[in-house]
> 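Before I ask anything, here is the structure I am working with.
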2 protein chains.
Amino acid sequence: MARSGPKLTRIARTLGVSAATVSNALSGKGRVSAEMVEKIRATATELGYVPSQAGRALRTGRTGVLGLVLPDIANPLFPQIAQAIELAASSSGYGVLIADSRGDVSTQTKAIERLIDRDVDGLVIVPRRGTRIADVGCPVAVIDTPSTPGNTVAADHWGGGRQIAEHLKALGHCRVLIIGNNPASNVQNDRAGGIRSVFGEGYHTDTLWIEPLEKLAGKGCPLGLADKVAEGYTAFACISDLHALRALTELQRAGINVPERASVTGFDDLIWSPVITPALTTARMDMTEIAAIAVAALVKAISERDPSDPAIGAPVTAETSKVPMHLVIRQSAAAPPAFQPVHTTATAATSVTEGGHQP
Amino acid sequence: MARSGPKLTRIARTLGVSAATVSNALSGKGRVSAEMVEKIRATATELGYVPSQAGRALRTGRTGVLGLVLPDIANPLFPQIAQAIELAASSSGYGVLIADSRGDVSTQTKAIERLIDRDVDGLVIVPRRGTRIADVGCPVAVIDTPSTPGNTVAADHWGGGRQIAEHLKALGHCRVLIIGNNPASNVQNDRAGGIRSVFGEGYHTDTLWIEPLEKLAGKGCPLGLADKVAEGYTAFACISDLHALRALTELQRAGINVPERASVTGFDDLIWSPVITPALTTARMDMTEIAAIAVAALVKAISERDPSDPAIGAPVTAETSKVPMHLVIRQSAAAPPAFQPVHTTATAATSVTEGGHQP
DNA sequence: ATCGGCTGATTAATCGTTTAATCATGCGAT
DNA sequence: ATCGCATGATTAAACGATTAATCAGCCGAT
């Protein structure tokens, strides 16, 4: 845009020095006397000097912009992620360019290309369900899950699953149903795996994947949770707060009180989780931390990189690649009903009290 | 970034012409013979030429980047907005730089400055609760609500309110409680106003603002909706699906079936609305349309602008500034109970019916 | 034959910053 | 006195695209 502000030469002229000296003083690179540096700094701030990114970019080959690729932008986590990344990036002096790829893989590739064409210095990618990131021409930070090869940094989803499960176990639950969306997602698998790993001998878990179910029964179909309660399940450990919400409302609608008759837990601490009734017990990622690590790794890779090299785009690595999740205990999970159904078949179905439910 | 691709001069050298000719041919500006244009186009695509934004920006003063400012980034609408703006912008050849301002007004100002410093060509701002946008140095498109002075384009929130209200009225509701967050928001006020305008003589509406209530009773406090039902309210028209969700779960938890005993409606058709039970009846904005108009207006203003002028930043205007909302009818709103409770105290709590409900 | 006008291309300057190379100067050591 | 050296600053060349100004032909008209 029309840089209304003063340029380097303006400052130089004001002080009667050369532009190079000003540049050196401001960047602290060349040899400039301390007093000169002081004077230049002063007039620079006084005049409100802001360096032209365009000029700098042209010369250095660095734009100071990172690209953020969220393949599944409808994801309710998006605000959290975008906010965290933007904060981390701007703290490091970077801007964030977003690209959307409406779930589609080919659109994702095109979106990435658009960012590359805009000369981003690096890319933060939250891949869609185990998508392998093609070799792009710049450093890439991948935020997926620690078990994914090529992952840069992510929440400890497995550990989060364990925390949720430990909580449910301590409350006395023995039969828990895990509810996820799609087993092809690494994140979802890790969360589910973490949960399962806690319930060993004498416990029972099963997993309900929504997407395959909806393929048959249609979008937004009932999950049949009242039947599951009748079968003796006392807890529903959902892989995302979105599923938890779906489960919770379905149970409530069927007249099954949460958490008295059935417990529900989620993941991610999404926006609505604290304000619904009962408020959701969930496991939260430390997005701020994750974003900070991802951006730091990216910035390091960028600064170490020779701007004119053959440009390989392997994912960057960070010192810490696994950030613990935090258990947020609210009201949606409690001890199971005192009269605990046997671990066998469904005779408990009779005890379904009032409340309409249609399969 | 290291532009690995070929530069203008590379193409020029390949064809034995000057760089200027190549530039002219590609932009269609100077005088170049038709056949030359053809040849240049061909080799350009063949070599995979992508112009350097930095070089172009430096010369033209245009970066081809728009800034998107979402003052309340935690807003669950964010994905919709960001997606729509990004789509519209990239269709016009623009990139989208995001800036967050965690609700804080001073942070918002700083965020805008950061974008300006990065030489964005224009700004799309979804202002926080009636914030007045200070004069920035570039064209600005404001997406708020049609009644706000300086608004560029927005959904017809008032009209959306009317649609919701007409729907409830047609179903037979006479006493409806409007639930909003904060009356300082122009959007919320318009939605509420639209609803009220439909219920005239013989009807009753009241409004519950959550934020003031939470100031007293704490975050996530109960809204006391069971009492409202006892008072004879049969419908809860929420200003956002987030509030609708809160209302719905609170009612369900109190054993009040939705929609048999009380109807609940929302706004925005947020991610969870179709999948909860009962699915939410709501009014949706046409974000794609709104974004398209906003970006088009911005692009027009940018192209008409002299990049070196004194740069005033008054909001741009569009031909259409009001985009109709769409009513999405699902299951959360139905006819009120036949036996309408008297407008007095709470004895109705006993008459919990039972049984399924099929629309 | 010369000039004017048109076409299609080239030259060269410019945007603002960085940075390698160069230069002037003063000072201590031989 | 001179050489070497460190210091503090300047020069000038890039980066890649755009664009005003210029130029070489060529054709038709005076």
Side-chain angles (χ1 to χ4, degrees), chain A residues 1-41 44 47-64 93 117-119 121 303 306-309, chain B residues 1-40 44 47-65 93 117-119 121 303 306-309:
Chain A
M1 202 67 281
R3 318 280 311 118
S4 38
K7 340 269 169 219
L8 258 192
T9 55
R10 176 88 167 67
I11 299 182
R13 202 151 19 82
T14 306
L15 290 169
V17 295
S18 74
T21 302
V22 178
S23 176
N24 282 331
L26 259 28
S27 66
K29 285 202 169 169
R31 287 186 302 216
V32 189
S33 67
E35 46 193 340
M36 192 78 247
V37 169
E38 186 51 37
K39 278 203 295 185
I40 290 177
R41 284 249 172 75
L47 292 169
Y49 167 72
V50 177
S52 153
Q53 295 290 338
R56 171 176 297 170
L58 184 54
R59 178 64 228 248
T60 63
R62 304 240 147 94
T63 53
D117 288 351
R118 282 196 180 282
D119 304 338
D121 291 340
S303 64
D306 177 359
S308 66
D309 71 2
Chain B
M1 200 68 278
R3 315 285 307 120
S4 38
K7 342 267 168 219
L8 257 194
T9 55
R10 176 88 167 64
I11 300 181
R13 204 150 18 83
T14 305
L15 290 169
V17 295
S18 75
T21 302
V22 177
S23 176
N24 283 330
L26 259 27
S27 66
K29 285 201 170 168
R31 287 186 301 215
V32 188
S33 67
E35 45 194 340
M36 192 79 244
V37 169
E38 186 50 38
K39 278 204 293 186
I40 290 176
L47 292 169
Y49 168 72
V50 176
S52 152
Q53 294 291 338
R56 171 177 296 169
L58 183 54
R59 178 64 226 250
T60 63
R62 304 239 147 92
T63 54
V65 173
D117 289 350
R118 282 197 181 282
D119 304 339
D121 291 341
S303 63
D306 176 0
S308 65
D309 72 2

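Order of the sequence lines fixes the chain letters, A, B, ..., with proteins taken first and strands second; residue numbering starts at 1 for each chain.
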> So does A19(A) get a backbone contact from the side chain of S23(A), meaning a donor-acceptor N/O pair under 3.5 Å?
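Pair absent, no side-chain N/O of S23(A) close to backbone of A19(A).
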
> Taking the nucleotide of DNA chain D with the nearest heavy atom to each, does V22(A) or S27(B) sit closer to the 5' end?
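Nearer the 5' end of the strand: V22(A).
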
> What is the distance, to the nearest angstrom, from the CZ atom on R31(B) to the P atom on dT10(C)?
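To the nearest whole Å, that distance equals 13 Å.
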
> Does dA9(C) have OP1 or OP2 under 4.0 Å away from a side-chain N or O of T21(B)?
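Result: no.
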
> Which distance, rounded to the nearest 0.5 Å, do you find between the NZ of K39(B) and the CE of M36(B)?
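Taking NZ in K39(B) and CE in M36(B), the distance rounds to 4.5 Å.
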
> Regarding A20(B), tell me which of base, sugar-phosphate or nothing describes its non-hydrogen contacts under 4.0 Å with the strands shown.
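Result for A20(B) = base.
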
> Looking across every strand, which nucleic acid part, if any, lies under 4.0 Å from R56(B) by heavy atom: base, sugar-phosphate, or nothing?
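Sugar-phosphate, backbone atoms only, no base.
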
> Counting only side-chain nitrogens and oxygens, does T9(B) get under 4.0 Å of the OP1 or OP2 atom of dA17(D)?
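No.
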
> With the side chain of T60(A) defined as its heavy atoms from C-beta on, choose the nearest nucleotide among dT10(D), dT11(C), dT18(C).
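Nearest nucleotide to the side chain: dT18(C).
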
> For S33(B), answer base if it contacts any base atom (sugar-phosphate contacts may also be present), sugar-phosphate if it contacts only those atoms, and nothing otherwise; contact means non-hydrogen atoms under 4.0 Å.
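Sugar-phosphate contact only - S33(B) comes under 4.0 Å of backbone atoms but never of a base.
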
> Going by modelled atom types, is there a donor-acceptor pair between the base of dT14(C) and the side chain of R59(B) at under 3.5 Å?
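Per atom types, the contact qualifies.
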
> Roughly how many Å is it from CZ in R62(B) to C1' in dC15(C), rounded to a whole number?
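Rounding to the nearest Å, CZ of R62(B) and C1' of dC15(C) are 14 Å apart.
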
> Could you give the NZ-to-P distance, from K7(A) to dG16(C), as a whole number of Å?
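Computing the K7(A):NZ to dG16(C):P distance gives 5 Å.
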
> Within the side chain of N24(B), is there an N or O that forms a donor-acceptor pair under 3.5 Å with the backbone of K29(B)?
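No, N24(B) side chain to K29(B) backbone: no donor-acceptor pair under 3.5 Å.
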
> Which whole-number value in Å describes the distance from D119(B) CG to dT17(C) P?
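Spelled out: CG on D119(B) to P on dT17(C) is 10 Å.
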
> Rounded to the nearest angstrom, tell me the gap between atom NZ in K39(A) and atom C1' in dA9(D).
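Roughly 12 Å, once rounded to whole Å.
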
> Does a donor on one side chain and an acceptor on the other come within less than 3.5 Å for T14(A) and R10(A)?
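The criterion, which ignores hydrogens and geometry beyond distance, is satisfied for R10(A) and T14(A).
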
> Find which nucleotide of DNA chain C each of K29(A) and E35(B) is nearest to by heavy atoms, and output the residue with the more 5' nucleotide.
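Mapping each residue to its closest nucleotide by heavy atoms, the 5'-most match is E35(B).
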
> At less than 4.0 Å, is any side-chain N or O atom of S52(B) found next to OP1 or OP2 of dG16(D)? Yes or no.
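For dG16(D), OP1/OP2 do not have a side-chain N/O of S52(B) under 4.0 Å.
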
> Can you check the R10(A) CZ to dG16(C) C1' distance for me, whole Å?
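From R10(A) CZ to dG16(C) C1': 15 Å.
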
> For the pair made of CG in L26(B) and C1' in dT19(D), what is the distance, rounded to whole Å?
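Atom CG in L26(B) sits about 15 Å away from atom C1' in dT19(D).
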
> Let me know the distance between CG of N24(A) and C1' of dA21(C), rounded to the nearest Å.
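So the two atoms are 13 Å apart, to the nearest Å.
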
> Below 4.0 angstrom from OP1 or OP2 of dA17(D), is there any side-chain N or O of Y49(B)?
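So the side chain of Y49(B) is within the cut-off, an N or O lying under 4.0 Å from OP1 or OP2 of dA17(D).
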
> Give, for atom OG1 of T21(A) and atom CD1 of I11(A), the distance between the pair rounded to the nearest 0.5 Å.
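Answer rounded to 0.5 Å: 12.0 Å.
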
